[in-house]
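A short write-up of the structure that comes next.
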Amino acid sequence: MDFQKEIEIYFRSRFTLIVVVSFEEERIVEGIKQVCEQLNRQLLTWDHADFFQSVTKNIVAPSGIKDPLSALETIEKLEGDTVFILRDFHQCWHQQPKIIRKLRNLAQKLKFTKKTIVVTTPLSQLPEELKDDAVLLDFRPPDVKELDVILTRLISTPGVKVNLTTQGREKLLHAALGLSSNQAQRVFAKAIVSGGPLDDRKIDMVNAEKKQIIRESGALEFFAPSETMNDVGGLEVLKEWLRTREQAFGNEARDYGLPSPKGIALIGIPGTGKSLTAKTIAGLWRLPLIRLDVGALFGGLVGQSEENTRRALNLAETVSPCLLWIDEIEKGLSTGGGDGGTSLRVFGSILSWMQEKTKPVFVVATANNISHLPPELLRKGRFDEIFFLDLPTLQERKEIFEVHLRKRKRVVAEYDIDKLAKAAEGYVGAEIEQVIIDAMYLAFSDKENPGRDFSNSDVLEALKKQVPLSRSQSEAILALRSWLTEGRAQSASFNEKQQAQEQFVQIEISKN
Ligand code: ADP
């Protein structure tokens with residue numbers, strides 16, 4: 001439901017205290033003004049600097065009411081059907097029991113009038129005492145239609161040259177989703193004034209600006225898809241699962257009656273390609289990828305972590321359909337709840353959001369360490385599937401060698417992949433990549449023949465020099481693997497042993 005409709009319903013049904021959470025005061029006031037005009041109500045604003053100001057023409061603002069308590073008393077006394085917007089009023093009730101009490105009294109008294117108090121604040125934290133009397137409303141950033149209005153206004157300025165295709169315009173607007181109207185306005189304006197007409201080439205610029213703004217805002221980071229499935233060696237079961245759902249967010253899938261996939265968890269040994277997979281899904285499904293750094297959600301002030309979480313999840317919904325990659329989900333919980341329960345509350349809110357979200361946001365949660373994860377996170381039904389990324393099998397190691405040789409523009413046939421893969425037992429993808437880089441250094445700095453190309457034996461030597469994690473941290477890895485065998489997750493790879501067994505059974509059957 002859009003904001004104006006929602007607020008109109010609240011006005012009509014005599015909700016007397018509404019708290020709207022957003023930085024976008026101007027848009028809130030404009031939206032409420034339109035509702036007031038429709039309902040024939042008067043609209044006044046009050047803040048610490050300008051005191052009472054009238055917004056609609058049908059009322060004269062009382063003058064000289066400087067302190068918040070007198071403002072509330074004035075609201076009580078004023079005649080007429082009026083909406084009062086108190087800007088940034090959270091600053092006034094902070095540790096002010098008198099103000100909170102007065103607001104509560106008013107909220108109850110105004111029920112018999114057509115007066116409503118709307119508080120605007122960028123923080124969603126309400127004083128405990130007000131929770132019962134106030135409704136909390138989230139004010140979302142502009143949607144495509146509203147962004148179109150902003151863009152149209154900007155490009156109708158005389159002298160602005162525009163050469164956008166219909167598709168280009170659409171993409172430009174989508175690129176600005178998630179920004180506040182002020183931010184969108186600034187980004188569009190920058191695209192307009194920077195060299196040449198506003199054309200399809202400026203889409204990348206808007207995307208880059210948004211990336212920057214989102215990064216500055218805290219725990220979120222945008223990724224442009226650059227990896228493809230061909231960059232991932234092995235993990236066939238996982239890849240197949242993803243391919244089957246390639247069209248899952250399209251209109252056709254919706255018309256067919258398919259629910260949007262909720263998300264997957266990728267658990268496993270570090271360096272097995274969890275992050276790599278998250279990035280390739282974005283490429284495969286052609287969706288924007290947002291990375292949420294759970295560690296960065298935690299802020300020092302009371303309530304700040306919850307606030308950051310709420311904002312991050314809201315933003316993901318605004319740019320949906322998208323992928324939300326929750327990186328190293330266990331990180332935030334490593335404090336073991338010794339932070340007064342903040343980390344558990346943050347997790348609680350992520351979990352309930354995952355359960356309740358109606359927007360197509362596909363969650364990819366990655367974790368290296370399951371011992372810190374609350375069991376309810378990995379409960380069946382929370383995710384569509386939980387994949388375990390184990391040490392790569394022989395076939396997978398072959399593929400990983402091939403991927404990284406090709407990446408470095410080497411001819412795969414010139415290497416004995418079979419031998420290398422066998423020698424690399426216990427090495428994960430990231431280690432195999434590192435071994436190839438080490439081998440390149442060995443050859444490049446060869447004393448007798450510097451700069452020669454690296455060979456099989458260089459790779460074998462580099463392998464010997466590197467101790468894989470599976471050896472140096474064998475216990476931790478054993479614990480992780482035994483977790484898999486308890487049947488809590490599906491293996492991301494073909495199980496070669498199982499495959500060999502199946503083949504054996506087939507041979508036996510065909511013999512009989
Ligand atoms: P994780 O997130 O599981 O710790 P990453 O995805 O960050 O591991 O892996 C680091 C790098 O190692 C990747 O960017 C990639 O270059 C290489 N790598 C890991 N696994 C694979 C794989 N299965 N296929 C190809 N490369 C891999």
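Note that this is a predicted model, so its numbers are computed, not measured.
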| field | Nearest heavy-atom neighbours spanning R408 and R410 | value | O-NH1, 2.6 Å
| remark: Value for CZ (F188) from CE (M205), rounded to nearest 0.5 Å, stands at 11.5 Å
| message | If you compare all heavy atoms of V21 against all heavy atoms of R310, which two are closest, and at what distance to 0.1 Å? | response | CG1-NH2, 3.2 Å
| said: Using 0.5 Å steps for rounding, measure from the CG atom of L276 to the CE atom of M229. | reply: 9.0 Å
| query | When rounded to the nearest 0.5 angstrom, what is the spacing between CD in E330 and OG1 in T366? | reply | 7.5 Å
| request: Indicate yes or no for a side-chain donor-acceptor contact from E461 to the backbone of A439 under 3.5 Å, with no hydrogens or angles considered. | output: no
| said: I need the single residue from R186, K202, K190 that forms a salt bridge (Lys or Arg N to Asp or Glu O under 4.0 Å) with E209. Which is it? | reply: K190
| request: Please report the closest heavy-atom contact between L442 and K465, naming both atoms and the distance. | output: CD2-NZ, 3.8 Å
| query | Can any side-chain N or O of K274 pair as donor or acceptor with the backbone N or O of L266 at less than 3.5 Å? | reply | no
| request: Please confirm whether F454 and Y415 have ring centers closer than 6.0 angstrom. | output: yes
| request: Examine R245 relative to W241 and say whether NZ or CZ is less than 6.0 Å from the centre of the six-membered ring and inside a 45° cone about the ring axis. | output: yes
| request: Could you grab the distance from atom CG of D416 to atom OG of S457, nearest 0.5 Å is fine? | output: 11.5 Å
| task | Check the angle between the aromatic planes of Y10 and F15 and answer parallel, tilted or perpendicular using the 30° and 60° thresholds. | result | perpendicular
| Side chain of K262, backbone of M354: donor and acceptor closer than 3.5 Å? | no
| note | So CD1 of I477 and CZ of R471: to nearest 0.5 Å the spacing works out to 11.0 Å
| request: Measure across A312 and L297 and return the closest heavy-atom pair with its distance rounded to 0.1 Å. | output: CB-CD2, 4.4 Å
| note | In short, A316 meets I290 closest at the heavy-atom pair CA-CD1, 4.1 Å
| Pick from T277, I386, L242: which one makes a side chain to side chain contact (heavy atoms under 4.5 Å, CB included) with I264? | L242
| said: Looking at Q183 and S180, would you say the former's side chain and the latter's main chain have a donor-acceptor pair under 3.5 Å? | reply: yes
| field | Backbone N/O of R382 and side chain of Q355: donor-acceptor pair under 3.5 Å | value | no
